[in-house]
Each structure stands twice: as structure tokens, then as C-alpha cells.
> 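Below is the structure I would like to discuss, written out as C-alpha cells.
Proteins get letters first, then strands, A, B, ... in listed order; numbering begins at 1 in each.
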Protein chains: 2
Amino acid sequence: MDYKQMEQSLKAASDETRMLILKYLSKEALCICEFTELLDMSQPAISQHMRKLKQAGWICEEKRGRWTIWSLNEKHELFEVLSSLLAMLPEPERTVESLIAEGKKVNCN
Amino acid sequence: MDYKQMEQSLKAASDETRMLILKYLSKEALCICEFTELLDMSQPAISQHMRKLKQAGWICEEKRGRWTIWSLNEKHELFEVLSSLLAMLPEPERTVESLIAEGKKVNCN
DNA sequence: TGCATACATAAGTGATTGCTTATATAATAA
DNA sequence: TTATTATATAAGCAATCACTTATGTATGCA
């Protein structure tokens, strides 16, 4: 891995919002609409973060009907490093379960 | 470690120039003037990169006369992660030895 | 067919980045 | 003392950032 590649990978991960996204994805695959609820952010903001993470190779998308299901790319060269970083982070307050409890869970998977 | 802390640490390391600096420091402690030669950059540019790395806790400074000797901070909470990242990077082309060969090595340590 | 849903993209904006040049500071050398 | 060396800091600037609002696109449903 060269310096430019590592810079691009790390830069994409070095953002509080995107680290939260990756933390959620380390548990289960999710779609954009769930993240807008979990992170309380606009849909375009989430969408743009996803694009950055995808360009860096951290996540994969799977189109299913009108949903796009996002998941961690376990084949990323730095996947193990990412995993150990994510393991150091606390569990987010909002969970998919809390969305269900609030009746805000969408049926995308 | 919380999300903001990790973001700040990773952001400081997520730069090609600063990763090169860290790679050099993983071998030996060095001063600014050596980096200006090794990286072919201006002194203020290097100085500002050092400040960022120091603020993130990645490096330590030791003032010795008019020199400032910089070294990796092995007590950083993410030191092991950093080490494994640096180990994946190729050795830089320019080395302290090549500086000596060119007669550009300074006597700072 | 028409409308709602899920998402992507584009343009605009204020904040941050990484450099530059210029200058300040502090230690040593002459 | 004066000059030189090593470094830090400040101001300025173009590029990039993360958001916003507005709009486009594709799917599924009535």
C-alpha cells in the first residue's frame, strides 16, 4: 500500500459521522433512510458520506428494489485495522432497536 | 476513546506528508531541519505539520540547544494501530544516510 | 397512469486545510 | 555585541470540506 492510498483511506474514515456509520455497519447492513434517523441528519448529507466511504473502498452497496443496502467491505486492505479502531469506540446511543420502538424503522431488509 | 478524539487523532495522521514524517520517526528521532531535506519542503511547512502531530499526541518534542528533537509518542492510545499502519508503508526513498552521503546532514543529535 | 418513496446529484456557502512569504524568538558562534 | 542558525508563528490564499436547498432519477404501488 502506498502513501497516497493510505492517506485516502484514512481520510475517509477520519470523520466523526463516518466513523459512526462504520460502527453501525460493523454490526449489520443498513440503508440510507435508517441512517437519517440514527444520525438525525439530512438524506443528502448521509448520501454524500456514503459516497466518500465507498470511494475509499470501506463499504459496499447492494441495490435492492428502491433501497440501497450498505455493508462493510471486509476485503479492504485495512479492514483489520478499521475493526480494531471501531472496537475501541463506544456503542452509539441510538440503535436500530430504538428506531423500531419509536416506530421509525423502515422495511428495507 | 470517544468519536471526537479518534477523529482528531486519525485526521492528524491522514496526510501523506505527515505519514512520511511518522514513518521516518518510527526509525529514529529527527529534527525539523532534517525533514526539510528529507521531504524537500519549507521549514514553516514542516513546523506546522509537527504542530498538528504534536497536538494529536502522536509525537513528543525535546528541546536540545537550538534544535528540537522529535520522536514518536509510544504512549499514544493508538500507537499500536499506528505502528501496524506504518509497517504497511514502503521505506521512503530518501534516508538520513543519503543526506550524509550528500553532505546535507546536520549535527543535531 | 400518476404519485409516493428512496436515493443521487448539483450548486451554493461558510469553515478548515496546507501551503506560501514575512517576521519573531531563542540559542549559539564569531 | 552582532551575526547566524534552528525553529515558531502570523497573515494571506487557493483548494477542499461538510453541510444546505433544490432538483433529478428510478422503483413500487394505487
> Nearest whole angstrom, please: distance from the P of D:dT9 to the CE of B:Met50.
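It is 14 Å, rounded to the nearest whole Å.
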
> Could you check how far CD of A:Gln48 sits from C1' of C:dA11, rounded to whole Å?
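One finds 11 Å between C1' of C:dA11 and CD of A:Gln48, rounded.
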
> Please report, rounded to the nearest Å, how far the P atom of D:dT16 is from the CD atom of A:Glu7.
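Whole-Å distance recorded here is 12 Å.
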
> Has the side chain of B:Gln43 got a donor or acceptor atom sitting under 3.5 Å from an opposite partner on the base of D:dA8?
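When only heavy-atom distances are counted, B:Gln43 does reach the base of D:dA8 through a donor-acceptor pair under 3.5 Å.
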
> Does A:Ser42 or A:Gly65 map to a spot on DNA chain D nearer the 5' end, using the closest nucleotide for each?
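Its nearest nucleotide being more 5', the pick is A:Ser42.
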
> Measure the distance from NZ on A:Lys11 to P on C:dT17 and round it to the nearest whole Å.
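Between P of C:dT17 and NZ of A:Lys11: 10 Å.
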
> Between A:Leu30 (CG) and C:dC7 (P), how many Å, whole number?
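Taking CG of A:Leu30 and P of C:dC7, I get 11 Å after rounding.
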
> For a quick check of understanding: with a heavy-atom distance under 4.0 Å over all strands, which category does B:Thr68 fall into, base, sugar-phosphate or nothing?
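Here B:Thr68 touches the backbone only, sparing every base.
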
> Thinking salt bridges, do A:Glu62 and A:Arg64 make one under a 4.0 Å N-O criterion?
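Result for this pair is yes, salt bridge flagged.
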
> Between C:dA8, C:dT17, C:dA6, spot the one nearest the side chain of A:Arg66, thanks.
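Per side-chain heavy atoms of A:Arg66, the pick is C:dA6.
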
> Reckon B:Arg51 has a side-chain N or O less than 4.0 Å from the OP1 or OP2 of D:dT9?
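Checking D:dT9 against B:Arg51, a side-chain N or O does come within under 4.0 Å of OP1 or OP2.
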
> Looking at A:Glu7 and B:Arg18, is there a salt bridge between them, counting it only when a charged N and a carboxylate O are closer than 4.0 Å?
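Looking at A:Glu7 together with B:Arg18, the answer is no, because their closest N to O distance does not fall below 4.0 Å.
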
> Is there a donor-acceptor pair under 3.5 Å between the side chain of B:Lys23 and the backbone N or O of B:Leu86?
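Yes; judged by distance alone, with no hydrogens or angles, the pair exists.
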
> Is the distance from OP1 or OP2 of D:dA18 to the nearest side-chain N or O of A:Arg18 less than 4.0 Å?
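For A:Arg18, the contact criterion (side-chain N or O under 4.0 Å from OP1 or OP2 of D:dA18) is met.
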
> Just compare C:dC7, C:dT20, D:dT7 and give me whichever is closest to any side-chain atom of B:Ile32.
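From the listed options, D:dT7 comes nearest.
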
> Atom CE of B:Met41 to atom P of C:dT17: distance rounded to whole Å?
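About 16 Å, once rounded to whole Å.
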
> Just how far, in rounded Å, is P of D:dT5 from CD of B:Glu37?
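Taking atom P of D:dT5 as the reference, CD of B:Glu37 is at 14 Å.
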
> Under 4.0 Å, heavy atoms only, any strand: does A:Lys52 hit a base, just the sugar-phosphate, or nothing?
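Contact class for A:Lys52: sugar-phosphate only.
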
> OP1, OP2 of D:dT7 versus side-chain N and O of B:Ser47: anything below 4.0 Å?
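Answer no for this pair, as no side-chain N or O of B:Ser47 is under 4.0 Å from OP1 or OP2.
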
> Look at the aromatic rings of B:Phe35 and B:Tyr24 and report parallel, tilted or perpendicular, splitting at 30° and 60°.
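Plane angle over 60°, so perpendicular.
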
> Could you walk me through whether B:Ile59 and B:Ser71 pass the side-chain contact (heavy atoms from CB on, under 4.5 Å) check?
CA-CA 5 Å; B:Ile59 58 175; B:Ser71 57; over 6 Å; no

> For the side chain of A:Trp67, counting heavy atoms from C-beta on, which of D:dT7, C:dT20, C:dC7 is nearest?
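For the A:Trp67 side chain, the nearest candidate turns out to be C:dC7.
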
> How many whole angstroms separate atom CG of A:Leu10 from atom C1' of C:dT17?
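Going from A:Leu10 (CG) to C:dT17 (C1'), I get 17 Å.
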
